[in-house]
Amino acid sequence: MLNVEGLTKEFGGVVAVNDLSFEVREKQIKSIIGPNGAGKTTLFNLLTGLLPPSRGRISFLDTNICGLRPHVIARMGVSRSFQNVEIFDNMSILENVMLGRHCRTSCGAVSIALRRRKAVKEEALIREEALRQIEAVGLDADPHSSPAALPFGKRRLVEFARALATSPRLLLLDEPASGLNMRETEQVAQLIRKIRDSGVTVMLVEHDMSVVMEISDDVLVMDYGTKIAEGKPREVQKNREVIARYLGRSNEYAKNPKP
Amino acid sequence: MHSFSITLQYIFTGIAVGSIYAMVALGFNIIYNCTGIINFAQGEFVMLGGMFMITLTTTWKLPSLVAFPIAVALVVLVGVGFERIAIHPLKSPSVLVLIMITIAGSILIKGVAMFAWGKEPCYLPHFSSETPINFLGATILPQNLWILGCLAAVVIVLAWFFNRTLVGKAMRACAHNRDAARLVGINVKQMVTLSFALSAAIGAVAGIVITPIILMDYQRGAMLALKGFGAAILGGLGSGPGAVVAGLLIGVLESLGAGYISSHYKDAIALVVLLGVLFIRPAGLLGSAEIQRLKKF
Amino acid sequence: MKKHVPLALFVVIVMGLPVLLKNPYYIGALVFVGIYSLITISLSLVLGYAGQISLGHAAFYGIGAYTSGLLTTRWHVSPWFALACSMVITGILAYAIGKPVLKLRGHYLAMATLGLGEIVYIFFNSAVDLTAGPSGFGQIPRLAIGGLVFKDDIRFYYLVWFTVAVLLALVLNIINSRIGRALRSIHGSETAANAMGVNTASYKIQIFVFSAVISAVAGGYYAHFVTFISPTTFDANTSILLVTMVIVGGMSNVWGAVLGAALLGTLPEYLRRFGDYDILVYGAIMMVIMMFAPGGLVSLAGLVKQKFVGNLSREPAA
Ligand SMILES: Nc1ncnc2c1ncn2[C@@H]1O[C@H](COP(=O)(O)OP(=O)(O)OP(=O)(O)O)[C@@H](O)[C@H]1O
Ligand SMILES: [Mg+2]
């Protein structure tokens, strides 16, 4: 459903994503792994239109989405979460998730201002769907309270619910397990599976190898913006270059955790 | 007069006023670099400089040479006081809050100035003779030379301060990366206060030298600040050399515009330049095209 | 419906105030509060909801007033039609200005809007042939519906506050809708809003134009109420006053906008004996609010309420 060809992004001299090509098939979980600064977040920003690519082609459901603005891409069914959770602290949890519904609703200012029946009905549907998503991600907090005070793990869930409320075809998750404890990580892994089983294709950036190896159908390894390996989790794990360049480095890190 | 000498005349006038814009722009830059704040009260520092000087020389009858440093010191006190009272205690304020606080500060200073000096423009005698000097058919007021001299002095002192002294280097470190500066043991909060002191001092100098030419009243500062900000933007926000070049450029443009186009719209010229630069090239003419800076807001 | 209680209460207060305040002088002051409220309500959408700073709204207020004033006095257009024209013209100008300006953020946006306001002010002063320059012009006709001419304060009072109530009703509907959420999401995180399918650029410009158009209405009302206009009414100080009203009241709440307009709009009346020095009081109020309650007075009220209600509801659990 997603086809990326020769995608490149340069920041001044830095090539953050370098001639990257890959494919994501419907209803699979595709993980992107790679060391810090490999260009994973940049890749997501390119896919969602937040950054314009320097070169290359991205086609989603057989349409070229390169150069489209982010809200258009979102409307086409690509949603995401952010590495450092970007939820709106100036709105309640419920409103955050209701915002996700924005691109699936269409009532204009006039009918809203006049409280036409159509608008009232739509608002009720938005609320209903938002509450459903809050429940689906297993968030147990007062939906009318502010998310500002929530612990990190629950803020993540708010963001998930918001992303799901857009009814995505493709969901990009940027390090959904970072900063979570083991129990929460397990919950998130379950949740991602559930999302996939409900028919949503998932792209996942994650540093926690146990999660990646457990739930991915396909893994892509990046370093310095280039693809160095791609395949089933087992295959990738055995790949020499990956071990040398990535897993090896993280082993080193494990031995000597101080940077 | 020949058209050449008329043009030359406009340019001379423009350079004098432009020097003031340059100094105001330098003031903006120093605080901006250190804190990321645009100090909307910058123009009030200029106004206060002129006003203090007037009181010290006319009411207290101090000789100019003595009054000058005292006036500057008084404005520095105001600047530091303002920072300590209104900005220092804030914890991670939003841009809007900072803007409104510095605007509130400017309103308060304006109010006090109106209280102290009244609403009428105040007069300060020229530093030296008022007889114009002839030059290629155009004339220069000696006061204009004083203005240029002050700009030169300010630039030299700043260059020395930022490049040669430890404190200056520490301030530059703050400008570059606040967190890193804190890590190497620089007291960032102190640097912020110092930046207000420094920029108040520059504002005061500008106010003192310009007052004999334009007279000074309590609300003169606002327009000078807006134009000075135009210069800061044109030169690339944060860039010292940029501020000086852009200040002079805007002064000259304004003076030529007033002479050849319309004196009514004289004040609009600097503003149009400001907007033009903001729309087309927010990094400024001389600033690096580092749009990232912009995004920090 | 619980939602409508505040608005109903508001209407009752507005209807009742003139009965309580017999002094026509106060009614006149309240007309101005109403005119300010129109602007602050719409400005709070720009400032508090969408998070875009505008220090140039007096320009739209002025363009509205001048367009309406000039059309009626020079070309003898009917006042209501002139008001409509001023809305359209201001809207078009706001769109043209907003397109480039709203790409800027923070300090840049503040300075750009301040500069634009100043340019418009300079224009009012300098285009003497058109605007009569600094001295302004008078004899602007009054608004009338049929035979009912809004000539005394009390009639105009009802006209203005009727408009405020309508605007409030519409705006309250908007802010609790997908559009209101979209606006607030821009304030929260423009990137995230974009990624969630909100066309942030378009919403920013729409709300900016909307508030400019409402400011033009306020300007038109001003022109036809006072029947005389001059540039000083629309200078940078007015822009700053408007923003201050919004912020003092509480910028992320439209009721705060009305509260701010009511407090700061009537302040000159309390401060009459201070004469010109009321500027000091303004500055001080602004400074104190910004330092200690950046959420404005409404947030203080909310805090108090939370304390009481919070304690009450928590006690049984504890
Ligand atoms: N907006 C930007 N401007 C300039 N350089 C950038 C920008 N965004 C990212 N980069 C650079 O691109 C490279 C890739 O960054 P990216 O954030 O995509 O890495 P990442 O794989 O997500 O790393 P991490 O695991 O730490 O999240 C880095 O060298 C980074 O410094
Ligand atoms: Mg990343």
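Residue numbering restarts at 1 for every chain, and letters A, B, ... go by the order of the sequence lines. As the structure is a computational prediction, the values presented were derived from the model and not from experiment.
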Point-to-point distance, once rounded to the nearest 0.5 Å, from CD1 of C:I174 to CZ of A:R115: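 These two atoms lie 11.5 Å from each other.
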CZ-CG distance between A:R69 and C:N194, expressed to the nearest 0.5 angstrom: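 Between A:R69 CZ and C:N194 CG, I get 8.5 Å after rounding to 0.5 Å.
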Mind ranking [options] by heavy-atom pairs under 4.5 Å with chain A and telling me who comes out on top?
options                        : result
C:V198, C:I175, C:I179         : C:V198
C:A193, C:G51, C:A169          : C:A193
C:G188, C:G197, C:G180, C:A182 : C:G197
C:L170, C:T191, C:N173, C:V171 : C:N173

Residues, nucleotides or ligands: over 12 heavy atoms within 6.0 Å of [X] [atom1]:
X      : atom1 : result
A:F152 : CZ    : yes
C:Y95  : OH    : no
A:F11  : CZ    : yes
A:D142 : CG    : yes
A:E135 : CD    : no

Centroid-centroid under 6.0 Å between A:H71 and C:Y203 rings: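 So the answer is no for these two rings.
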Can you say whether [X] sits under 4.5 Å from chain C via the side chain, the backbone, both, or neither, judging by heavy atoms?
X      : result
A:S106 : backbone
A:D89  : neither
A:E122 : side chain
A:E95  : both
A:I112 : both
A:R80  : both
A:R162 : both

Check: A:N90 side chain, C:R184 main-chain N or O, donor-acceptor pair, under 3.5 Å: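 Side chain of A:N90 to backbone of C:R184, a donor-acceptor pair under 3.5 Å: yes, one is there.
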Candidates A:T48, A:L99, A:N96 - the one meeting side chain to side chain contact (heavy atoms under 4.5 Å, CB included) with C:M196: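 Among A:T48, A:L99, A:N96, the one meeting side chain to side chain contact (heavy atoms under 4.5 Å, CB included) with C:M196 is A:L99.
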Greatest number of heavy atom pairs closer than 4.5 Å to chain C - which of [options]:
options                        : result
A:R75, A:E86, A:E123, A:E159   : A:E123
A:I126, A:V72, A:T105, A:T166  : A:T105
A:A113, A:C103, A:A165         : A:A113
A:A119, A:A163, A:A109, A:P168 : A:A109
A:G108, A:S81, A:C107          : A:C107

Heavy-atom pair of closest approach, residues A:A74 and C:A195: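 For A:A74 versus C:A195, the nearest heavy atoms are CB-O, 3.4 Å.
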Minimal non-hydrogen separation, A:F88 against C:S185, with atom names: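 So the two residues come closest at CE2-O, 3.4 Å.
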Side-chain heavy-atom pair C:R181, A:M98 within 4.5 angstrom cut-off: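 In contact.
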